[in-house]
Novice: 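The structure that follows is given in the form of structure tokens.
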Amino acid sequence: MTSLPAQPTAKKLGLVIDLDICVGCHACAVNCKEWNTSGKSAPLTDYDPYGKKPDGVWLNRIHTFETTDEQGRGQTVHFPRSCLHCEDAPCVTVCPTGASYKREEDGIVLVNEKTCIGCKLCSWACPYGAREYDENEGVMKKCTLCIDKIYNENLPEESRVPACVSTCPAGARSFGDLGDPDSEVSKLVAARQGYDLMPEQETKPVNKYLPPRPRQDGRDSDKAPRMLKHADESTDGAGLIARWVDKVLS
Amino acid sequence: MHPAKSVIFFTTASGAGYGLLVWLAVLAVMGMLPGDMLFGFIAFGLGLGLVTAGLLSSTFHLGHPERAWRAFSQWRSSWLSREGVAAVLAFVPLGLFALTWIFALAPAQTAAMIGVVGAAMSLVTIYTTSMIYGSLRTIPAWHNGWTVAGYLVLGPMNGAVILAFLLALLGAFEAAQVVTIIAAVMLVLGLVVKLLYWQHIHSAPAVSTAGTATGLGHLGKVELSASPHDQDNYLLREMGFRIARKHAAKLRRIAIALGFAVPLACLLLTALLTAPLAQMLLLLVAVFACQIGVTTERWLFFAEAKHAVTLFYGEQAV
Ligand code: SF4
Ligand code: SF4
Ligand code: SF4
């Protein structure tokens, strides 16, 4: 059924992406590809992978933007982009077959690859480019919020988070229930003024982005170089021989 | 947006077919539709043939054409599904209209009434097609009333030009004259609607910007400094199609000239050159010019439309 759930879903599983932390390493995109090419969405087709024009289906893409303010000061912001599991998902309502749907129980937006006719209309309806068509399979692919990982009882409890979240070396991605105001992710969004992408498109995204923290210039204390304590001044943590040498020499 | 040949052919062909059938119904109501079988076969055959060819071509670009039947299921929410349902439903009265008229199976009055139902369903189908595009907020150049107006006017306009030619070809000059007047009015209307459409898409304020797409607008100008991939991907091929302004302006002049001005001139000339052969030739030129013009217009409709996803790939505003 491609009508959206009649009531907004109570549970809203989603991601919170911290643009202040993301270093643009693409690790989440690579691990997303790796997990999903053998999971529910398998295969995530690659065309000409070792040739001159490699191309393929990815569910997560990392952009880098540069901002310039009126004083000409620039800032670099790395920007991961994947499905936002929108509450008013236009990709779902335009689907003529019912292949695209939003789950009542947790709000995850999925594609049924057995009934998708590959008309591509859902990818036209999504403002965020979160849907990529698989030319070989003839069906649409998108982020599943790693549904086959987060509910996977064969995995230890702590591993039941999306692949992109568990792999991020900087901790820029958090996963949780954004429908529960007391969840860790909701508190994070409240504390850091998390926001929606393109609110004017009226999709009501579940995923939130946390803005880069304000620059710290203008205050002298921030400008002073911060020196680390010189290693020579302490033998804490040094090995037995090193400490003996230190004693003999000093 | 990528101007896919199958979709351009589908919308122009089925639009012209439905338009032709609408005017056949109008002539039937006016009591001017020729009853001879040859005309019936050609006119109804062409109308229904264009519609069918268009619908079939729209399934060519599907990844799984064998599952196309599933597209009839989601008419509650999806305009694409509604279009499928409306198109199939329209075949019933249109087919009956054709049969009852060509083979005189029912009194002319009854056939005409069935034709009116078919004409209404044809317009409903064109409307659902236009709403597939008109409902997409992601593409501001389509998400406006002019999109619907364009489809609703251009299909019947093209159909009227074709019908005027068919009537002249088969010697029904009186009916040809009436349809020529209808076609001329529709051409003027079509041109006005398209000019207003183009004016609208170039003057409407931006809906989304690189600033709102990233939420970084408060930091100043937002520019892409590194793309996620250095080759084109599906998103850029499908939705990142770009056409130089210079080319767009030239193509628009071609669309205006061939789609509207030349056919209109030909139709007006038929009032002066009344020899049957001259009339036929003029109307034939009108038909061909109109096809090229309307196809160019439809190609531009796609090529000029910017999609919100391009904001993540360097576009500043859509
Ligand atoms: S981000 Fe796009 S694909 Fe995901 S739910 Fe929203 S509209 Fe649909
Ligand atoms: S491509 Fe598949 S999922 Fe998307 S709208 Fe068409 S049928 Fe639905
Ligand atoms: S939640 Fe899973 S599918 Fe979605 S972007 Fe992260 S790794 Fe990819």
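Values in this document were obtained by computation on a predicted structure and should not be read as measured data. Below, chains carry the letters A, B, ... as their sequence lines are ordered, and counting in each starts from 1.
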Novice: Heavy-atom pairs under 4.5 Å with chain B: which of Gly74(A), Cys116(A), Gly56(A) has the most?
Specialist: Cys116(A)
Novice: Measure Asp232(B) against the heavy atoms of chain A and call it side chain, backbone, both or neither at under 4.5 Å.
Specialist: backbone
Novice: Run the side chain to side chain contact (heavy atoms under 4.5 Å, CB included) check on His229(B) and Trp58(A) step by step: do they pass?
Specialist: CA-CA 10 Å; His229(B) 37 89; Trp58(A) 292 68; over 6 Å; no
Novice: Can you say whether Pro54(A) sits under 4.5 Å from chain B via the side chain, the backbone, both, or neither, judging by heavy atoms?
Specialist: both
Novice: Is Phe60(B) in contact with chain A via its backbone, its side chain, both, or neither, using a 4.5 Å heavy-atom distance?
Specialist: neither
Novice: Relative to chain A, which of Ser227(B), Ala308(B), Ser225(B) shows the most heavy atom pairs under 4.5 Å?
Specialist: Ser225(B)
Novice: Relative to chain B, which segment of His26(A) carries a heavy atom at a distance below 4.5 Å: side chain, backbone, both, or neither?
Specialist: side chain
Novice: Going by the angle between their ring planes, with limits at 30° and 60°, are His63(A) and Tyr313(B) parallel, tilted or perpendicular?
Specialist: perpendicular
Novice: Counting heavy-atom pairs under 4.5 Å to chain A, which of Gly211(B), Ser81(B), Ser58(B), Ser78(B) comes out on top?
Specialist: Ser78(B)
Novice: If we define contacts as heavy-atom pairs under 4.5 Å, which of Cys126(A), Ala29(A), Pro80(A) has the most with chain B?
Specialist: Cys126(A)
Novice: Enumerate by number any residue of residues 47-54 of chain B whose heavy atoms lie under 4.5 Å from heavy atoms of chain A; in the absence of such residues, state 'none'.
Specialist: none
Novice: Is Arg237(B) close to Tyr133(A) at the side-chain level, that is, under 4.5 Å between some pair of heavy atoms?
Specialist: no
Novice: What are the residues of residues 193-204 of chain B, in order of number, with any heavy atom under 4.5 angstrom from a heavy atom of chain A?
Specialist: none
Novice: Considering only heavy atoms, which portion of His61(B) lies under 4.5 Å from any heavy atom of chain A: side chain, backbone, both, or neither?
Specialist: both
Novice: Rounded to the nearest 0.5 Å, what separates atom CD1 in Ile132(B) from atom CH2 in Trp124(A)?
Specialist: 8.5 Å
Novice: I'd like to know which of Gly129(A), Pro214(A), Ala130(A), Ala99(A) tops the heavy-atom pair count under 4.5 Å against chain B.
Specialist: Gly129(A)
Novice: When only pairs under 4.5 Å are counted, which of Leu121(A), Asp69(A), Thr68(A) shares the most heavy-atom pairs with chain B?
Specialist: Thr68(A)
Novice: Between Ala71(B), Gly217(B), Gly84(B), Ala210(B), which has the largest tally of heavy atom pairs under 4.5 Å with chain A?
Specialist: Ala71(B)
Novice: Where on Lys52(A) is there a heavy atom nearer than 4.5 Å to chain B: the side chain, the backbone, both, or neither?
Specialist: backbone
Novice: Quick one: which residues of residues 62-70 of chain B reach chain A at under 4.5 angstrom, heavy atoms only?
Specialist: Leu62(B), Gly63(B), His64(B), Arg67(B), Ala68(B), Arg70(B)
Novice: When you compare the side chain of Lys53(A) with that of Asp230(B), does any pair of heavy atoms fall below 4.5 Å?
Specialist: no
Novice: Taking 4.5 Å as the heavy-atom cut-off, does anything in residues 191-201 of chain A contact chain B, and if so which residues?
Specialist: Tyr195(A), Leu197(A), Met198(A), Glu200(A), Gln201(A)
Novice: Kindly give the heavy-atom pair with the smallest separation between Leu80(B) and Val94(A), and that separation in Å.
Specialist: CB-O, 4.5 Å
Novice: What pair of heavy atoms forms the shortest contact from Phe65(A) to Val222(B), and how long is it?
Specialist: CD2-CG1, 3.8 Å
Novice: For the residue pair Tyr234(B) and Tyr47(A), establish whether any side-chain heavy-atom pair is separated by less than 4.5 Å.
Specialist: no
Novice: Where do Leu19(A) and Leu216(B) come nearest, in terms of heavy atoms and distance?
Specialist: CD1-CD2, 4.2 Å
Novice: Pick one of side chain, backbone, both or neither for Glu137(A), based on which atoms fall under 4.5 Å of a heavy atom in chain B.
Specialist: backbone
Novice: Between Glu238(B) and Arg131(A), does any side-chain N to carboxylate O distance fall below 4.0 Å?
Specialist: no
Novice: Are Asp88(A) and Arg137(B) close enough, and set up right, to give a salt bridge (charged side-chain N to carboxylate O under 4.0 Å, His left out), and what steps lead you there?
Specialist: CA-CA 12 Å; Asp88(A) 283 344; Arg137(B) 202 185 286 274; over 6 Å; no
Novice: Identify the two heavy atoms, one from Asn233(B) and one from Arg61(A), that lie closest to each other, and give their separation to 0.1 Å.
Specialist: ND2-NH2, 3.3 Å
Novice: Applying the side chain to side chain contact (heavy atoms under 4.5 Å, CB included) test to Thr138(B), which of Cys91(A), Pro90(A), Ser123(A), Pro127(A) qualifies?
Specialist: Pro127(A)
Novice: Against chain B, label Phe79(A) side chain, backbone, both or neither, depending on which of its atoms sit under 4.5 Å from a heavy atom there.
Specialist: side chain
Novice: Among Val57(A), Val139(A), Thr97(A), single out the residue with the greatest number of heavy-atom pairs under 4.5 Å to chain B.
Specialist: Thr97(A)
Novice: Name the option with the most non-hydrogen atom pairs under 4.5 Å to chain A; the candidates are Thr209(B), Val318(B), Leu224(B).
Specialist: Leu224(B)
Novice: Measure the OG1-CZ distance between Thr214(B) and Arg81(A) for me, rounded to the nearest 0.5 Å.
Specialist: 12.5 Å
Novice: Can Lys221(B) and Glu70(A) be said to form a salt bridge (charged side-chain N to carboxylate O under 4.0 Å, His left out), step by step?
Specialist: CA-CA 9 Å; Lys221(B) 189 171 167 58; Glu70(A) 273 151 25; over 6 Å; no
Novice: Non-hydrogen atoms of chain B under 4.5 Å away: do they reach the side chain of Cys95(A), the backbone, both or neither?
Specialist: backbone
Novice: Can you tell which part of Lys141(A) gets under 4.5 Å to a heavy atom of chain B, answering side chain, backbone, both or neither?
Specialist: neither
Novice: Is it true that, when you exclude Glu223(B) itself, more than 12 heavy atoms of the residues, nucleotides or ligands shown sit nearer than 6.0 Å to its CD?
Specialist: yes
